[in-house]
Enquirer: 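Let me give you the structure first, and then I'll get to my questions.
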Amino acid sequence: MARTGRNGNHRSKKKRITLTLAPIAALGLAVPLMYSAGAATPDEVSADCSADSDKLENCEFVDVQVKRNSLGPNERVTSVSDNCGSTSEATKSFSGTASATRIIQLENGSQVDGSTKLGSSVFEVGVKFLTLEINIQRDDTTSSFSFTRSDTVKADHIAFFMWSHKRSDVGGYLRATYKEEQDGQKVFFSPSEGGNTVHVFYPQLLPSGTPDGRLWLRNVKCGTPEADGILNNQNSIRAEPGFGEGGDNVTDVEIPLSEITVE
């Protein structure tokens with residue numbers, strides 16, 4: 001009986017020791033969690049830079065790589081001329097405006113206003129890529145030209161002009177400096193230091209100051225899904241395939257910009 005009593009007391013002491021150690025272990029786990037809670041995440045850095053947050057002392061774009069002469073979005077820049085049902089070609093007049101604007105695009109695809117602290121940094125980075133051979137647009141004003149010309153619309157086709165501006169694609173990352181320290185530091189990065197998923201697209205300009213790029217006349221066979229998709233949307237702007245990428249029902253003819261009379 002005495003032996004049974006001693007075993008019971010021994011188990012009781014073990015329980016008391018365990019209960020004493022548990023709070024200490026919990027505190028040890030809480031320390032790293034508390035340490036990391038205040039650090040700025042890449043998403044927060046992007047959001048603060050986009051909003052030009054008052055928490056920021058500065059937000060800079062750091063360039064990592066550059067690709068010259070890339071092409072921007074494929075845009076329809078004239079109204080659609082309808083020659084459906086006709087058995088002969090027709091000469092039609094087209095009027096349009098082609099333009100380009102500097103774009104700051106974050107890794108999630110959103111764009112940043114050029115008037116922010118980041119916009120100033122992007123302007124400074126652009127100075128590095130402005131050469132005698134490549135004239136780029138460093139600010140976020142729109143460069144454009146308007147034109148009017150006559151061209152041939154094929155029999156039983158619709159036609160319109162497409163435009164894709166030429167640009168320098170500079171990839172890099174954001175470096176944000178906060179006014180107050182977070183976990184002992186003020187500088188954070190998005191998406192990471194050395195990353196290249198933030199892009200700044202600097203339009204390339206001709207000596208005249210108008211945007212450089214590709215302009216082409218697109219003929220689309222009537223009665224096809226491609227033509228119906230445009231006509232049924234009442235000529236509204238929509239995404240279009242690039243030059244030579246429209247398929248068998250689409251014919252593209254590039255018009256050199258030297259042949260365009262700028263209005």
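Note that the numbering runs from 1 along the sequence shown for the chain. Since the structure is predicted, the reported quantities are computational estimates derived from the model, not experimental observations.
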Enquirer: By side-chain hydrogen bond (donor to acceptor under 3.5 Å, both in side chains), which residues pair with Q204, not counting sequence neighbours?
Expert: N69, S168
Enquirer: Considering all heavy atoms of both residues, which atom of T97 and which atom of S146 are nearest to each other, and what is their separation?
Expert: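 Looking at all heavy atoms of both residues, the shortest contact is OG1-OG, 2.9 Å.
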Enquirer: I'd like to know if the side chain of S121 and the backbone of F61 have a donor-acceptor N/O pair within less than 3.5 Å.
Expert: yes
Enquirer: Mind checking ring-ring contact (aromatic ring centres under 6.0 Å, His included) for F145 and listing every partner two or more places apart, or none if nothing turns up?
Expert: W163
Enquirer: Looking only at heavy atoms, which two atoms of A40 and Q182 are closest? And how far apart?
Expert: N-OE1, 3.9 Å
Enquirer: Show the nearest heavy-atom pair for residues M162 and E240, with the distance to one decimal.
Expert: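 Scanning both residues, the minimum pair turns out to be CE-CB, 3.4 Å.
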Enquirer: Mark yes or no for whether K92, through its side chain, and D151, through its backbone, hold a donor-acceptor pair below 3.5 Å.
Expert: no
Enquirer: For R218, enumerate each residue passing the side-chain hydrogen bond (donor to acceptor under 3.5 Å, both in side chains) test, keeping only those at least two apart in sequence or located in another chain.
Expert: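 With neighbours one apart ignored, the set is D252.
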Enquirer: Counting C-beta onward and ignoring hydrogens, is there a side-chain heavy-atom pair between R175 and F188 closer than 4.5 Å?
Expert: no
Enquirer: Side-chain donor-acceptor contacts of residues 104-112 below 3.5 Å, not counting sequence neighbours, with atom names and distances?
Expert:
| unit_1 | atom_1 | unit_2 | atom_2 | d |
| --- | --- | --- | --- | --- |
| E107 | OE2 | S46 | OG | 3.1 |
| E107 | OE2 | S190 | OG | 3.1 |
| N108 | OD1 | S110 | N | 3.0 |
| N108 | OD1 | S110 | OG | 2.6 |

Enquirer: Would you call D156 and K221 a salt bridge, using N to O less than 4.0 angstrom?
Expert: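 Salt bridge flag = yes for K221 with D156.
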Enquirer: Does a donor on one side chain sit under 3.5 Å from an acceptor on the other, for T141 and D139?
Expert: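 Yes, D139 and T141 have a side-chain donor paired with an acceptor closer than 3.5 Å.
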Enquirer: Check the pair D113 / T116 against side chain to side chain contact (heavy atoms under 4.5 Å, CB included), numbers first and verdict last.
Expert: CA-CA 6 Å; D113 191 323; T116 62; 4.3 Å; yes
Enquirer: Mind checking whether V127 and R138 have side chains closer than 4.5 Å, heavy atoms only?
Expert: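 Of all side-chain heavy-atom pairs linking R138 with V127, at least one is under 4.5 Å.
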Enquirer: Going by heavy atoms in the side chains, are R149 and I260 under 4.5 Å from each other?
Expert: yes
Enquirer: Which heavy atom of L56 sits nearest to which heavy atom of C59, and what is that distance?
Expert: CD1-CB, 4.1 Å
Enquirer: So, the side chain of S95 versus the backbone of T78: is there a donor-acceptor pair under 3.5 Å, distance only?
Expert: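 No, the answer is negative, given that no donor and acceptor are paired below the 3.5 Å cut-off.
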Enquirer: What residues join V64 in its hydrophobic cluster, counting side-chain heavy atom gaps under 4.5 Å, either direct or through other members?
Expert: V62, Y173, V187, F189
Enquirer: Please tell me if the side chains of L215 and L257 come closer than 4.5 Å, counting only heavy atoms from C-beta onward.
Expert: yes
Enquirer: Do L174 and E60 have side chains that approach each other closer than 4.5 Å (heavy atoms only, starting at C-beta)?
Expert: no
Enquirer: Can you give me the closest heavy-atom contact between G209 and S143, atom names plus distance?
Expert: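 Nearest heavy atoms, G209 then S143: O-OG, 3.0 Å.
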Enquirer: With rounding to the nearest 0.5 angstrom, report the CG to CG distance, D52 to D54.
Expert: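 It is 8.0 Å, given to the nearest 0.5 Å.
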Enquirer: Hey, is K186 close enough to E181 for a salt bridge, meaning N to O under 4.0 Å?
Expert: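 A salt bridge is absent here (no side-chain N lies under 4.0 Å from a carboxylate O).
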Enquirer: For a 4.5 angstrom cut-off between non-hydrogen side-chain atoms, does K166 reach R214?
Expert: no
Enquirer: Answer yes if F123 and L118 sit in the same cluster of Ile, Leu, Val, Met, Phe, Trp and Tyr residues linked by side chain heavy atoms under 4.5 Å apart, and no otherwise.
Expert: no
Enquirer: Side chain to side chain donor-acceptor pair (under 3.5 Å) for H157 and N83? Distances and angles first, verdict last.
Expert: CA-CA 5 Å; H157 279 66; N83 197 30; over 6 Å; no
Enquirer: Going by side-chain hydrogen bond (donor to acceptor under 3.5 Å, both in side chains), name the residues that satisfy it together with N58, two or more places apart in sequence or in a different chain.
Expert: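 Here no residue qualifies.
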Enquirer: When you compare the side chain of L217 with that of N219, does any pair of heavy atoms fall below 4.5 Å?
Expert: yes
Enquirer: For atom CD of Q65, is the number of surrounding heavy atoms from other residues, nucleotides or ligands below 6.0 Å larger than 12?
Expert: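 Counting neighbours around CD of Q65, more than 12 heavy atoms of other residues, nucleotides or ligands fall under 6.0 Å, so yes.
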Enquirer: Starting from F201, walk the hydrophobic network (Ile, Leu, Val, Met, Phe, Trp, Tyr; side-chain heavy atoms closer than 4.5 Å) and list everyone else you reach, by chain and number.
Expert: I103
Enquirer: List in chain and number order the residues that pass ring-ring contact (aromatic ring centres under 6.0 Å, His included) with F243, two or more places apart in sequence or in another chain; answer none if no residue qualifies.
Expert: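 In terms of ring-ring contact (aromatic ring centres under 6.0 Å, His included), with neighbours along the sequence ignored, F243 is linked to W216.
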Enquirer: Are I158 and C222 side-chain neighbours, meaning at least one heavy-atom pair lies under 4.5 Å?
Expert: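 Of all side-chain heavy-atom pairs linking C222 with I158, at least one is under 4.5 Å.
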Enquirer: Sequence neighbours left out, what passes side-chain contact (heavy atoms from CB on, under 4.5 Å) with S93? Give chain and number order.
Expert: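 Only T148, S150 meet the side-chain contact (heavy atoms from CB on, under 4.5 Å) criterion with S93.
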Enquirer: Return the minimal non-hydrogen interatomic distance between S81 and V153, and the atom names on each side.
Expert: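 Smallest heavy-atom distance, with atoms named: OG-CG2, 4.0 Å.
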Enquirer: For T142, what residues pass the side-chain hydrogen bond (donor to acceptor under 3.5 Å, both in side chains) criterion, not counting sequence neighbours?
Expert: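 Scan of T142 (side-chain hydrogen bond (donor to acceptor under 3.5 Å, both in side chains), adjacent residues dropped) gives T101.
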Enquirer: Between the side chains of Y178 and D48, does any donor sit under 3.5 Å from an acceptor?
Expert: yes
Enquirer: Does NZ belonging to K67 count more than 12 external heavy atoms closer than 6.0 Å?
Expert: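 No, because the 6.0 Å sphere around NZ of K67 holds 12 heavy atoms or fewer from other groups.
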Enquirer: Output, in order, the C-alpha distance, side-chain angles, deciding distance and verdict of side chain to side chain contact (heavy atoms under 4.5 Å, CB included) for V77 and F160.
Expert: CA-CA 8 Å; V77 293; F160 48 88; over 6 Å; no
Enquirer: Whether the side chain of S70 engages the backbone of R167 through a donor-acceptor N/O pair (distance < 3.5 Å, no angle test) should be reported.
Expert: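 At least one qualifying donor-acceptor pair exists.
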Enquirer: Is there any disulfide bond (SG atoms under 2.5 Å apart) pair reaching into residues 109-216, and which pairs are they, with sequence neighbours excluded?
Expert: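 Sorted result for residues 109-216: empty, none.
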Enquirer: Looking at residues at least two apart in the chain, or sitting in another chain, which of them share a ring-ring contact (aromatic ring centres under 6.0 Å, His included) with F147?
Expert: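 Residues passing ring-ring contact (aromatic ring centres under 6.0 Å, His included) with F147: F161.
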Enquirer: Passes side chain to side chain contact (heavy atoms under 4.5 Å, CB included), H165 versus D212? Steps please.
Expert: CA-CA 6 Å; H165 69 270; D212 194 2; over 6 Å; no
Enquirer: May I ask whether L205 and F129 are part of the same hydrophobic cluster, defined by side-chain heavy atoms of I, L, V, M, F, W, Y residues being less than 4.5 angstrom apart, directly or through others?
Expert: no
Enquirer: Distance-only, no hydrogens or angles: does the S164 side chain make a donor-acceptor pair with backbone N or O of L71 under 3.5 Å?
Expert: no
